[in-house]
Amino acid sequence: MTAPRIFISYRTSDGADKATALARELGQVFGTAQVFLDKEDLPAGVPWREAVAATLGQRPVLLVLVTPDTFGALDSAGQRRIDRPDDAVRREIATALECGAVVLPLLADGVEGLAGDLPPPLERLGERTWRPLRAYDWRSDSQRIVADLEALGVRRRVPHWLRRSAMA
């Protein structure tokens, strides 16, 4: 089994629905084995931080779904969660950057740009080309993301009926 080539990182508080929709759409284009989404791909009972780190170590393209809460969510003390070293989103992005993976920020509805006051090494996200992913223009935005992924070497899945006819 090949490692996923696409990893979707998101803040669950406001990005789960959009991340799930994107994973399903990309799975139809590239095959579900090529797309990693934690809530669908982490087996029960595994240490999730280790499993995520191992997947990111394979250097998939990291799609960071940037919603208002991605960098703006606060913890119980009123501090930004992204500033905490144990924040899951921070760890995913930092691990991908450390591994040399391609990181593509996707700006969702309500996000105008990338925050300029991010902790190291996340401040490097501002150097990345980003793409919009808006509900009102989903089809166009997702088609652009598919084209970007293909340009980065992610291959479309071959339909099962085509694989069978090629073997005949």
Side-chain angles (χ1 to χ4, degrees), residues 1-12 14-43 46 48-67 70-71 82 87-109 111 113-114 118 121-167:
M1 183 174 179
T2 60
R5 294 293 319 274
I6 304 163
F7 186 111
I8 301 173
S9 178
Y10 63 99
R11 179 77 66 198
T12 56
D14 68 347
D17 290 348
K18 194 168 275 191
T20 301
L22 181 61
R24 287 185 184 143
E25 187 161 333
L26 294 177
Q28 289 175 352
V29 174
F30 298 107
T32 56
Q34 292 274 53
V35 181
F36 182 90
L37 183 69
D38 60 353
K39 69 184 195 110
E40 294 182 8
D41 294 304
L42 288 175
V46 300
W48 66 270
R49 290 186 192 270
E50 292 171 20
V52 165
T55 301
L56 288 169
Q58 298 295 315
R59 296 182 54 205
V61 176
L62 179 71
L63 301 178
V64 180
L65 181 57
V66 182
T67 58
T70 302
F71 304 128
I82 200 73
D87 178 62
V89 172
R90 177 180 174 159
R91 289 173 59 129
E92 289 171 359
I93 298 168
T95 300
L97 290 169
E98 289 167 12
C99 292
V102 174
V103 177
L104 176 56
L106 305 176
L107 276 55
D109 304 288
V111 178
L114 294 173
L118 295 175
L122 305 189
E123 78 276 7
R124 295 180 7 216
L125 281 180
E127 301 168 1
R128 305 283 195 240
T129 303
W130 55 268
R131 294 288 184 242
L133 184 60
R134 303 158 297 190
Y136 68 86
D137 209 5
W138 182 272
R139 181 174 301 212
S140 174
D141 291 347
S142 63
Q143 287 173 350
R144 177 84 186 261
I145 293 164
V146 166
D148 288 333
L149 291 167
E150 287 179 312
L152 291 167
V154 181
R155 295 183 184 208
R156 286 180 179 258
R157 72 178 177 93
V158 178
H160 69 282
W161 59 269
L162 190 55
R163 284 191 298 253
R164 278 192 239 148
S165 65
M167 292 189 289

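The shown structure was predicted, so the numbers you read here are calculated from the model rather than taken from an experiment.
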Residues in side chain to side chain contact (heavy atoms under 4.5 Å, CB included) contact with D109, at least two apart in sequence or another chain: K18, R134, A135, Y136
By side chain to side chain contact (heavy atoms under 4.5 Å, CB included) - contacts of E40 (at least two apart):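 Side chain to side chain contact (heavy atoms under 4.5 Å, CB included) check on E40 returns T20, R24, L37.
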R155 atom CZ, over 12 foreign heavy atoms within 6.0 Å: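 Open.
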Close side-chain approach of [X] to [Y], heavy-atom, < 4.5 Å:
{"X": "L26", "Y": "L63", "result": "yes"}
{"X": "P105", "Y": "L114", "result": "yes"}
{"X": "E92", "Y": "V64", "result": "no"}
{"X": "L125", "Y": "W130", "result": "no"}
{"X": "R144", "Y": "D137", "result": "no"}
{"X": "F7", "Y": "L56", "result": "yes"}
{"X": "L22", "Y": "L65", "result": "no"}
{"X": "F30", "Y": "R157", "result": "no"}

Quick one: closest heavy-atom pair of [X] and [Y], and the distance?
{"X": "L118", "Y": "L122", "answer": "CD1-O, 3.7 Å"}
{"X": "L133", "Y": "S142", "answer": "CD1-N, 4.4 Å"}
{"X": "V89", "Y": "T70", "answer": "CG1-CG2, 4.1 Å"}
{"X": "W48", "Y": "A88", "answer": "CH2-CB, 3.7 Å"}
{"X": "G113", "Y": "L107", "answer": "CA-CD2, 3.6 Å"}
{"X": "R156", "Y": "V146", "answer": "NH2-CG1, 3.6 Å"}

R11 (side chain) donor-acceptor with F71 (main chain) under 3.5 angstrom: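 Between the backbone of F71 and the side chain of R11 there is no qualifying donor-acceptor contact (under 3.5 Å).
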Non-neighbouring partners of R131 that pass side-chain hydrogen bond (donor to acceptor under 3.5 Å, both in side chains), sequence neighbours left out: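 So R131 forms a side-chain hydrogen bond (donor to acceptor under 3.5 Å, both in side chains) with D148.
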Approximate separation, where rounding is to 0.5 Å, of E25 CD and Q143 CD: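 Interatomic distance, E25 CD to Q143 CD, rounded to 0.5 Å: 8.0 Å.
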Distance (rounded to the nearest 0.5 Å) between L104 CG and I6 CD1: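 Between atom CG of L104 and atom CD1 of I6 there are 10.5 Å.
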